[in-house]
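Notes for the one structure printed next.
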Protein chains: 2
Amino acid sequence: MTVTLDDVARRAGVSRSAVSRTFTPGASVSATMRTKVENAADYLGYSPNFLARSLTTRSTKLIGLVSNNFHNPIFLEVFDQFTRGLQDRGLRPLLVNLTNEKEASASVRMLKQYSVDGVIVASSTLPPGFSKAFRDAGLPVVNSFGRYEVMPEVHVLGIDDIACGRLAAGELIARGYKKVAFMGGPFDATSTQYRLSGFEKELQLYSDVECSHSFAEAYSYQAGRIEMARLLEAGTNADAYFCGDDVLSVGALSAIADKGLHVPEDIGVIGVNDMEMAGWHNINLTTIHQPFAEIIQCSINLIVGLLADPNKVPEATLFPCTLIERGTLRPRL
Amino acid sequence: MTVTLDDVARRAGVSRSAVSRTFTPGASVSATMRTKVENAADYLGYSPNFLARSLTTRSTKLIGLVSNNFHNPIFLEVFDQFTRGLQDRGLRPLLVNLTNEKEASASVRMLKQYSVDGVIVASSTLPPGFSKAFRDAGLPVVNSFGRYEVMPEVHVLGIDDIACGRLAAGELIARGYKKVAFMGGPFDATSTQYRLSGFEKELQLYSDVECSHSFAEAYSYQAGRIEMARLLEAGTNADAYFCGDDVLSVGALSAIADKGLHVPEDIGVIGVNDMEMAGWHNINLTTIHQPFAEIIQCSINLIVGLLADPNKVPEATLFPCTLIERGTLRPRL
DNA sequence: TCTACTTTTGCAACCGGTTGCAAAGCCGAT
DNA sequence: ATCGGCTTTGCAACCGGTTGCAAAAGTAGA
């Protein structure tokens with residue numbers, strides 16, 4: 001059924017090596033030989049078996065794309081851009097869904113068994129040690145949307161979560177909010193603490209502003225809704241909330257609406273990410289934009305670089321985030 | 001760096017075949033041999049190379065997961081469930097993003113080169129001939145979310161688009177709408193025509209109801225918004241719209257709001273899919289639910305079945321869809 | 001025409017596994 | 001101790017490619 005190198009060689013009346021060489025860029029083949037082989041190959045519909053080839057070349061062009069964020073709308077965009085970007089460079093994404101696992105070992109073994117050339121861990125919630133497991137196994141790895149560290153153990157790309165927190169705080173202050181609060185996702189999610197600490201640090205500069213914080217059970221609509229309902233019930237009467245994520249913000253908005261309160265008149269809300277739906281007219285969420293496209297482009301460039309030179313010393317690269325003004329904060333004073 | 005069969009064999013002082021057999025379920029190995037090999041393997045950290053193995057077994061456990069719907073929020077859920085479901089059965093999804101292509105040939109060649117065991121085409125907008133290209137290349141293929149045909153050329157699973165159109169029509173009638181319209185995505189998208197034809201067929205039973213239709217440029221928020229704005233501007237004063245997709249519906253809602261009109265008082269809107277955001281309070285879209293989980297489960301079962309018996313004659317399987325009542329249609333009379 | 005040098009080609013070994021086959025080992029029964 | 005039958009093991013060929021090396025062919029200069 002499948003046509004092999006031998007079939008082509010036999011039909012073209014040449015050696016196996018000759019056929020192999022015509023399909024290996026940069027190998028030495030004469031023009032006559034090349035056309036003879038190509039004719040035979042076309043006739044038979046031959047194309048080389050990548051996996052057999054990988055046995056000797058030690059390169060599969062497979063990249064493990066590992067994530068546990070299959071429930072955040074921004075990740076649709078993330079997957080789209082990663083898969084397209086990888087494809088454009090002749091690489092193939094082998095998708096790994098970690099939703100049910102927190103341990104890296106199974107994925108590490110599996111990806112080694114498939115001889116992937118490298119791994120991209122795309123997650124803002126996995127612990128930093130996670131990506132390291134791949135590195136320890138000798139796989140080039142890039143952690144996208146990970147947490148900044150001065151001397152990271154693997155390459156990390158992401159926004160400056162501290163600056164992000166400061167930006168949010170600054171905006172709330174510039175709009176005259178006096179009693180503000182941070183509502184994060186789970187405390188142990190990588191980025192949560194940094195966003196909070198940046199937020200608090202900035203607020204310390206303003207002694208007339210009160211600040212509190214709490215954490216939702218997950219980065220989800222329901223969790224945001226529940227947590228905000230609890231806060232309102234408990235009488236935490238903050239006049240503005242910085243939510244650690246857009247979906248969380250929308251959940252919060254729904255709880256606020258249920259209470260009969262109005263945004264931004266009674267309460268202000270600002271999110272993070274700038275998912276597509278944040279711009280939909282009936283959501284219209286003021287939020288902090290993460291430069292996904294840039295982060296993904298750089299991640300891909302980086303992994304491609306690592307394939308050539310796997311020993312580059314790990315760095316953390318930070319990307320700036322920007323405010324997207326919409327309708328859930330009152331105007332600047 | 002990587003430890004091979006030979007290393008283990010040498011360390012355990014046994015033949016290569018013995019090692020291979022301990023890692024091949026159902027092969028004949030004595031208990032003594034097994035422990036000897038396993039000890040050596042554990043010591044060296046050995047696990048077999050799947051790709052080398054695939055050369056002789058002719059099975060890679062790789063499944064091509066092909067889609068062009070990377071911009072519809074429901075597909076996050078789709079990818080989540082497909083990847084999880086495949087993983088649970090020991091299969092690995094090789095993701096192919098077709099966003100920029102309409103031709104199958106490149107993907108077919110690529111997936112053959114990677115010797116995938118089968119292909120899942122998950123798309124509601126690719127032409128039926130697309131999946132056939134995989135079959136013609138000798139790859140087992142399942143087309144999920146495809147269009148029903150009595151004698152399909154490949155296995156197809158999806159909702160009954162005609163029934164879906166009828167359901168929408170029936171609901172609009174039951175709520176007393178008299179001048180209704182269908183707003184589809186691109187006319188050539190697989191499912192669009194069937195939904196329209198079901199919709200019209202049902203309406204023909206009611207001579208006092210007027211019906212018109214139009215098509216947006218894409219299944220997207222912007223396209224829905226633009227098309228609805230155009231309709232309102234043109235004075236197509238329908239009192240209810242059946243939109244071919246939820247995202248399209250939200251776009252339509254935004255154009256309606258911009259005109260200062262209210263939903264459902266002035267205009268009713270019903271969508272299709274029941275994406276997660278449709279349930280968010282500030283969207284609150286009445287829509288028709290597609291049973292994604294069931295379709296995906298069955299697709300996976302089917303592809304697994306095809307791996308064992310690739311020659312099963314292709315069938316189309318239909319799944320029922322159901323109304324999800326929310327706030328964009330007025331109540332039944 | 002002969003020599004020296006460069007390019008093209010084929011041979012054969014190898015990548016990391018699996019598997020048919022025959023030899024070796026084991027068992028209980030005679 | 002011998003035999004027959006069953007299980008376990010190793011040998012060697014194979015899966016579909018690549019590649020170092022040496023032989024063959026081509027090219028140019030004298």
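In what follows, every chain begins at residue 1, and chains take the letters A, B, ... in the order their sequences are listed. All of these numbers come straight from a predicted model, not from anything done at the bench. Keep in mind that the numbers below use all heavy atoms, side chains included, and drop hydrogens, waters and symmetry copies.
Taking atom CZ of R53(B) as the reference point, atom C1' of dC15(C) lies 16 Å away to the nearest angstrom. In this structure, CG of L5(B) is placed 7 Å from P of dT18(C), rounded to the nearest angstrom. We find that CG of D6(A) is positioned 9 Å from C1' of dG17(D), with the value rounded to whole Å.
S123(B) approaches N143(B) most closely through the heavy-atom pair O-OD1, 4.0 Å. For the residue pair S115(A) and T60(A), the shortest heavy atom distance occurs at O-OG1, 2.7 Å.
In this structure K112(B) satisfies the salt bridge (Lys or Arg N to Asp or Glu O under 4.0 Å) test with no other residue, sequence neighbours excluded. With sequence neighbours excluded, the residues that form a salt bridge (Lys or Arg N to Asp or Glu O under 4.0 Å) with D80(B) are R84(B). A search for salt bridge (Lys or Arg N to Asp or Glu O under 4.0 Å) contacts involving R34(B) returns E38(B), not counting sequence neighbours. Remark: R89(B) pairs with no residue by the salt bridge (Lys or Arg N to Asp or Glu O under 4.0 Å) rule, at least two apart or across chains. With sequence neighbours excluded, the residues satisfying side-chain contact (heavy atoms from CB on, under 4.5 Å) with R10(A) are D6(A), D7(A).
Taking a 4.0 Å limit (strictly below) on heavy-atom distances, residues 30-50 of chain B reaches DNA chain C at Y46(B), P48(B), N49(B). Of the residues in residues 105-113 of chain A, none lies under 4.0 Å from DNA chain D by heavy-atom distance.
As judged by a 4.0 angstrom heavy-atom cut-off over every strand, V19(A) is placed among residues making no nucleic acid contact.
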Completion exercise
In B/S/- notation (B base, S sugar-phosphate only, - none; protein heavy atoms under 4.0 Å), nucleotides 22-27 of chain C written 5' to 3' is ------

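At a cut-off of 3.5 Å, with distance as the only test, no side-chain donor of S67(A) or N97(A) sits close to an acceptor on the other residue.
Considering I120(B), T317(B), V141(B), V142(B) in turn, V142(B) is the only one that fulfils the side-chain contact (heavy atoms from CB on, under 4.5 Å) rule with L302(B).
With axes fitted over five pairs at each extremity, the angle between the ends of the helix from dT1(C)-dA30(D) to dT30(C)-dA1(D) is 40° (10° resolution).
The backbone N or O of R16(A) lies less than 3.5 Å from no partner atom in the side chain of S20(A), so there is not a single donor-acceptor pair. A donor-acceptor contact shorter than 3.5 Å links the side chain of D117(A) to the backbone of K61(A).
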Which donor-acceptor pairs under 3.5 Å do the side chains of residues 41-52 of chain B make with protein atoms, sequence neighbours left out?
| unit_1 | atom_1 | unit_2 | atom_2 | d |
| --- | --- | --- | --- | --- |
| N49(B) | OD1 | L51(B) | N | 2.8 |
| N49(B) | OD1 | A52(B) | N | 3.0 |

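Sorted by first and then second residue, the ring-ring contact (aromatic ring centres under 6.0 Å, His included) pairs involving residues 118-143 of chain A (not counting sequence neighbours) are F130(A)-F134(A).
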Atom pairs, protein N/O to nucleotides 19-22 of chain D N/O, distance under 3.5 Å:
| unit_1 | atom_1 | unit_2 | atom_2 | d |
| --- | --- | --- | --- | --- |
| dT19(D) | O4 | S17(A) | OG | 3.4 |
| dG20(D) | O6 | R21(A) | NH2 | 3.0 |

